[in-house]
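Working notes, structure below.
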Amino acid sequence: MKVSIKLFAIVRDRAGVADLTLDLPAGATIAFAADLLAKKYPAIETFLPRCAFALNLEYTSISELLKDGDELAVIPPVSGG
Amino acid sequence: MKVSIKLFAIVRDRAGVADLTLDLPAGATIAFAADLLAKKYPAIETFLPRCAFALNLEYTSISELLKDGDELAVIPPVSGG
Amino acid sequence: MSDRIEILSTPLSVYDAEQFVVDLQAGGICVFSGNTRAETSSDGRELVALDYEAYADMALRQLNELAGRARERWPILKLAILHRTGRVAVGEPSVVIAVSCGHRAEAFEACRFLIDELKRDVAIWKKEVWKSGDATWVH
Amino acid sequence: MSDRIEILSTPLSVYDAEQFVVDLQAGGICVFSGNTRAETSSDGRELVALDYEAYADMALRQLNELAGRARERWPILKLAILHRTGRVAVGEPSVVIAVSCGHRAEAFEACRFLIDELKRDVAIWKKEVWKSGDATWVH
């Protein structure tokens, strides 16, 4: 299944990419996708534990299951305002 | 001695006058001037106990002594803002 | 220290007050505008305006003193306090307060303090003006 | 219900936000403007701007949900939340929030709630841009 990934701020800068698509096995969780991202972009590995995740625009837990067509965003600690 | 009196809002409306001068005996207090105002303008008598007094632009107590040239204002409960 | 404290008989500008307090050191600006609110009395009369009267010499002295008390409590960069006299129609501002500070908490607190104290103490009065033509002092 | 909630790449107008929330039923309007504050880093570098980035789809959804939570807690007449993306120079606003209510306490509280929650939760990030040319994300 294909999951669209969005990276922002420091994570996007370190990975050098803002949008990508991951091809994941059925039953993959957000944690699984995060591990894959860490392997693909070693520069973000140490920062990922400080990030939250948003699935289809809503914060969710890393144990959540992904499905085909999902949009998964890595959310570094926010600093708006 | 002459004391300048200023009336505002409901007290001014009831008395029908905004500014006047009272001729007071030496040693007169604000309370004395207030009694005189109540006699001069019976329409304000019942409202005066709800009023504060400002002597030369500052709130003060009715036991304060007046002196020649003072400006005494009757301050109904304020409602600015 | 930069304060703009005025009692005016002409319409107040929230924009001017806010622009006055803009400061390169300001991270937070809080502006309060107190407006005449549409109202219907218990006996069905409609409010059209509030008429404000001030003991201007005293009120200005009080507002300056109030600004000084706020500056003692919060690290205020700039502040503006504007208050109307005369007729203020429904929807129009009778008072505008703007405060700039390094951080937002201070700006909110100082602005709230200024309007609360202004209403409690300052020598200004308002009269409700009803559509029927009659008017009643608020005391 | 009347909300104006926008993420904009162009300069924010405190005036527009305030005018948007004017309402005949409003006795109190509270406006907050969060600005880039001049700053010098511990090693002597001068801040020239903040660069804002938003996950706009999510941030707008969050801000709308936030507005809904504020409306459940306070009797809000109108509200505006505007947030910048892109470069915001020292002295310029990055966020403007305006709330109108019948009474002032509600307006202050709702406005404060909105900026506090926005900063805590909404998918927006800023980068400090220094005169030296380097830039650091605030996380």
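Chain identifiers are assigned alphabetically (A, B, ...) following the order of the sequence lines, protein sequences preceding nucleic acid strands; residue numbering begins at 1 within each chain.
The contact between C:Ala105 and chain D is made by backbone and side chain atoms together, counting heavy-atom distances below 4.5 Å. Both the backbone and the side chain of C:Val90 come within less than 4.5 Å of a heavy atom of chain D.
D:Glu18 places none of its side-chain heavy atoms less than 4.5 Å from the side chain of C:Glu18.
When each of C:Ile115, C:Val22, C:Val14, C:Ile97 is scored by its heavy-atom pairs under 4.5 Å with chain D, the top score falls to C:Val14. Each of D:Lys119, D:Glu92, D:Arg112 has some count of heavy-atom pairs under 4.5 Å with chain C, and the biggest count is that of D:Arg112. Heavy-atom pairs under 4.5 Å with chain C were tallied for D:Pro93, D:Gly34, D:Ser33, D:Ala38; the largest tally goes to D:Ser33. Across C:Ala89, C:Ala98, C:Ser94, C:Cys111, the residue that shares the most heavy-atom pairs under 4.5 angstrom with chain D is C:Cys111. Between chain C and the residues D:Ala107, D:Ser13, D:Gly102, the most heavy-atom pairs under 4.5 angstrom are made by D:Gly102.
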Task: Worked check of side chain to side chain contact (heavy atoms under 4.5 Å, CB included) between C:Glu39 and D:Gln25 - done: CA-CA 8 Å; C:Glu39 217 172 297; D:Gln25 310 298 323; over 6 Å; no
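The main-chain N or O of D:Ala26 is never found under 3.5 Å from a side-chain atom of C:Arg37 such that the two would form a donor-acceptor pair.
Remark: D:Tyr15 OH is loosely packed, at most 12 non-hydrogen atoms of other residues, nucleotides or ligands lying under 6.0 Å away.
Ring pair D:Phe108/C:Phe32 is parallel by interplanar angle, where below 30° counts as parallel and above 60° as perpendicular.
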